[in-house]
Amino acid sequence: MTDMTDYQPTDAAFAVDRDCKTLSRHVLEQLQSFSPDAQDLSALMNRIALAGKLIARHLSRAGLMESVLGFTGETNVQGEAVKKMDVYANNVFISVFKQSGLVCRLASEEMDQPYYIPENCPIGRYTLLYDPIDGSSNIDIDLSIGSIFSIRRQTGDDLDQSAQDLLQDGHQQLAAGYILYGPSTMLVYTLGQGVHAFTLDPSLGEFILAAENIRVPSHGPTYSVNEGNFWQWDDAIRDFTRYVHRHEGYSARYSGALVADFHRILLQGGVFLYPGTVKKPEGKLRLLYESAPLAMLIEQAGGRASTGIQPILDVVPTELHQRTPLIIGSTEDVALVESFIYDHSRRQNRDDG
Ligand code: AHG
Ligand code: MN
Ligand code: MN
């Protein structure tokens with residue numbers, strides 16, 4: 001019988017232990033509890049992980065199958081052309097949550113009104129808000145895309161299905177995160193106790209812990225913005241862009257998928273911005289299922305997310321698909337963008353006398 005008292009973990013033992021750090025185990029460890037709420041959150045995260053696996057699998061074979069890529073020919077509530085993958089992913093989330101008994105409704109970028117699961121509403125204690133595929137313009141060219149999710153507690157029974165109780169600030173989020181479908185599939189989440197990343201091991205069908213308590217650097221070299229909109233921006237944003245053009249140490253990176261650009265900044269620092277434009281004065285990105293979940297993540301990682309005027313998490317929406325300008329990333333880099341906005345508004349006030 002081997003004496004195990006002086007057992008030193010070898011690489012093999014380490015590898016086994018690491019492979020056992022699955023998402024559901026991590027959620028329960030995070031909450032250090034087996035309470036009903038903790039069990040709920042673990043079950044919710046497991047359902048999200050299942051959705052991510054199903055979408056990742058479909059994406060990996062998209063180019064080999066009929067009618068997976070391309071457009072449906074429909075236009076969604078956002079006024080955007082809908083991709084077949086948007087619809088597929090939207091339905092995957094509905095399917096994995098329908099029988100879960102956990103949620104009362106699902107609010108999606110792709111649906112004008114939330115999808116209600118009536119038999120769950122009396123007991124469904126949560127609402128899932130999600131962007132089923134973020135970065136849809138990248139689907140047909142096999143570049144990185146993502147899914148973004150936010151979980152809020154159900155307050156009231158919403159029997160009139162007006163979903164008014166969803167119109168609350170981002171501090172009400174219980175959990176938030178995204179799945180990044182890149183060279184590997186990663187799931188990044190927070191329950192309000194740090195930001196943690198998992199990598200999908202397709203051979204196990206499990207998301208395995210990759211990084212815990214991720215901290216965004218206070219500054220980074222990346223600025224991520226679509227400079228094709230330069231002519232549509234306020235002068236403040238134009239002056240910020242001129243500043244990074246003229247100062248050494250900045251690199252432009254912009255993929256067309258918010259999740260991919262955000263992931264780079266979360267790990268390496270910098271700032272992503274989608275400011276208001278002439279055509280979209282409130283910006284393009286949606287508050288409840290794009291900006292607010294990423295704002296929760298970045299603040300949990302020690303960074304910031306702002307509209308340029310106020311913290312994203314403080315914004316109280318007036319409607320489900322409300323858009324908001326987004327400046328998100330390292331504290332110093334977000335502050336730099338805000339300084340141009342602040343200087344311009346001071347000059348404007350002075351000129352207005
Ligand atoms: P979605 O595919 O969910 O509509 O999101 C696309 C968003 C975001 O992912 C990205 O940062 C931004 O649109 C890109 O917009 P532009 O093409 O206007 O730069
Ligand atoms: Mn999106
Ligand atoms: Mn989308």
Side-chain angles (χ1 to χ4, degrees), residues 48 51-52 55 58-59 62 69-72 74-94 106-112 115 128-150 176-182 188 222-233 237 241 252-266 270-295 297-298 305 312 320-329:
I48 286 171
I55 293 167
H58 204 61
L59 283 168
L69 300 176
F71 291 93
T72 62
E74 306 292 323
T75 303
N76 65 13
V77 63
Q78 320 289 342
E80 295 164 348
V82 178
K83 289 276 182 73
K84 293 172 187 170
M85 198 61 216
D86 285 321
V87 174
Y88 174 84
N90 192 63
N91 293 340
V92 162
F93 278 93
I94 291 173
L106 296 95
S108 160
E109 175 190 87
E110 298 302 332
M111 298 188 291
D112 189 357
Y115 175 94
L128 175 75
L129 298 104
Y130 65 112
D131 177 0
I133 294 289
D134 171 68
S136 303
S137 61
N138 287 353
I139 297 171
D140 295 354
I141 52 173
D142 197 29
L143 293 182
S144 293
I145 55 180
S147 301
I148 307 172
F149 62 87
S150 169
Y178 57 84
I179 300 155
L180 174 61
Y181 311 101
V188 178
T222 297
Y223 74 99
S224 185
V225 67
N226 181 348
E227 295 198 35
N229 293 332
F230 185 90
W231 62 280
Q232 292 195 58
W233 292 335
I237 303 296
T241 310
R253 293 287 185 276
Y254 192 76
S255 78
L258 168 62
V259 168
D261 293 328
F262 176 86
H263 192 67
R264 179 200 302 276
I265 282 165
L266 175 69
V271 63
F272 173 96
L273 48 158
Y274 205 109
T277 63
V278 168
K279 289 180 185 171
K280 293 193 172 87
E282 284 311 303
K284 173 181 182 182
L285 301 174
R286 282 62 48 149
L287 175 66
L288 281 171
Y289 41 78
E290 288 178 309
S291 300
L294 297 187
L297 282 170
I298 203 73
I312 288 285
L320 190 62
H321 299 290
Q322 178 167 323
R323 299 173 193 265
T324 175
L326 176 65
I327 302 162
I328 190 167

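Whatever order the structure lists them in is the order used to number ligands and atoms, beginning at 1. All figures in this text were calculated on a predicted structure; none of them were measured in a lab. Along the sequence shown, residues are numbered consecutively beginning with 1.
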For atom 18 (O) of ligand 1, which protein heavy atom lies nearest, and how many Å away is it?
-> Tyr274 OH, 2.6 Å
Within less than 4.0 angstrom of ligand 1, does Val259 place any heavy atom?
-> no
Got the closest protein heavy atom to atom 7 (C) of ligand 1, with its distance?
-> Leu285 CD2, 3.8 Å
Indicate if the distance from the Mn ion (ligand 3) to the nearest N, O or S atom of Gly135 falls below 2.8 Å.
-> no
Would you mind checking which non-hydrogen protein atom is closest to atom 19 (O) of ligand 1, with the distance to 0.1 Å?
-> Tyr254 OH, 2.5 Å
Atom 11 (O) of ligand 1 [closest protein heavy-atom partner, distance rounded to 0.1 Å] = Leu258 N, 3.3 Å
Ala257, portion touching ligand 1 at heavy-atom distance under 4.0 Å | backbone
In ligand 1, the atoms that come under 4.0 Å of a heavy atom of Glu290 are 3 (O), 5 (O)
Of the options Leu326, Ile328, Ile327, Asn226, which is the one that meets Leu273 in a side chain to side chain contact (heavy atoms under 4.5 Å, CB included)?
-> Ile327
Classify the side-chain pair Tyr274/Ser291 by whether it contains a donor and acceptor separated by less than 3.5 Å.
-> no
Numbering the atoms of ligand 1 from 1, which are under 4.0 Å from a heavy atom of Asp131?
-> 3 (O)
Report the part of Asp134 in contact with ligand 1, treating N, CA, C, O as backbone and CB onward as side chain, heavy atoms under 4.0 Å; options are side chain, backbone, both, neither.
-> both
For atom 4 (O) of ligand 1, which candidate among Lys284, Glu227, Arg286, Gln78 provides the closest heavy atom?
-> Arg286
Have a look at Asp134 and say which of its N, O or S atoms is nearest the Mn ion (ligand 2).
-> OD1
Begin with the C-alpha distance, continue with both residues' side-chain angles, and end with the deciding distance and a verdict on side chain to side chain donor-acceptor pair (under 3.5 Å) for Asn90 and Ser108.
-> CA-CA 7 Å; Asn90 192 63; Ser108 160; 2.6 Å; yes
Asn91 vs Ile94 side-chain heavy atoms within contact, under 4.5 Å = yes
Ignoring angles and geometry beyond distance, decide whether Phe272 reaches within less than 3.5 Å of ligand 1 through its nitrogen or oxygen atoms.
-> no
Over 60° means perpendicular and under 30° means parallel, so classify the ring planes of Tyr178 and His263, tilted if in between.
-> perpendicular
When you measure from the Mn ion (ligand 2) to each N, O or S atom of Glu290, which atom gives the shortest distance?
-> OE2
Within-cut-off N or O pair, Gly135 and ligand 1, under 3.5 Å = yes
Give the atoms of ligand 1, by number and element, whose distance to some non-hydrogen atom of Glu80 is under 4.0 Å.
-> 4 (O)
Decide salt bridge (Lys or Arg N to Asp or Glu O under 4.0 Å) for Glu80 and Arg286; before the verdict, give the C-alpha distance in whole Å, the side-chain angles of both, and the deciding distance to 0.1 Å.
-> CA-CA 13 Å; Glu80 295 164 348; Arg286 282 62 48 149; 3.1 Å; yes
How are the rings of His321 and Tyr289 set to each other: parallel, tilted or perpendicular (split at 30° and 60°)?
-> perpendicular
Please identify which atoms of ligand 1 are closer than 4.0 Å to at least one heavy atom of Ser136.
-> 2 (O)
In Asp131, the N/O/S atom nearest the Mn ion (ligand 3) carries the name OD1
Are any of the N/O atoms in Ser137 less than 3.5 Å from those in ligand 1?
-> no
For the atom pair OG (Ser144) and CD1 (Ile139), what is the distance rounded to the nearest 0.5 Å?
-> 12.0 Å
Option with minimal heavy-atom separation from atom 10 (C) of ligand 1, where the choices are Gly283, Gly256, Ala260 | Gly256
Give the C-alpha distance, both sets of side-chain angles, the deciding distance and a yes or no for side chain to side chain donor-acceptor pair (under 3.5 Å) between Tyr223 and Thr241.
-> CA-CA 9 Å; Tyr223 74 99; Thr241 310; over 6 Å; no
Does Glu109 bring an N, O or S atom to within less than 2.8 Å of the Mn ion (ligand 2)?
-> no
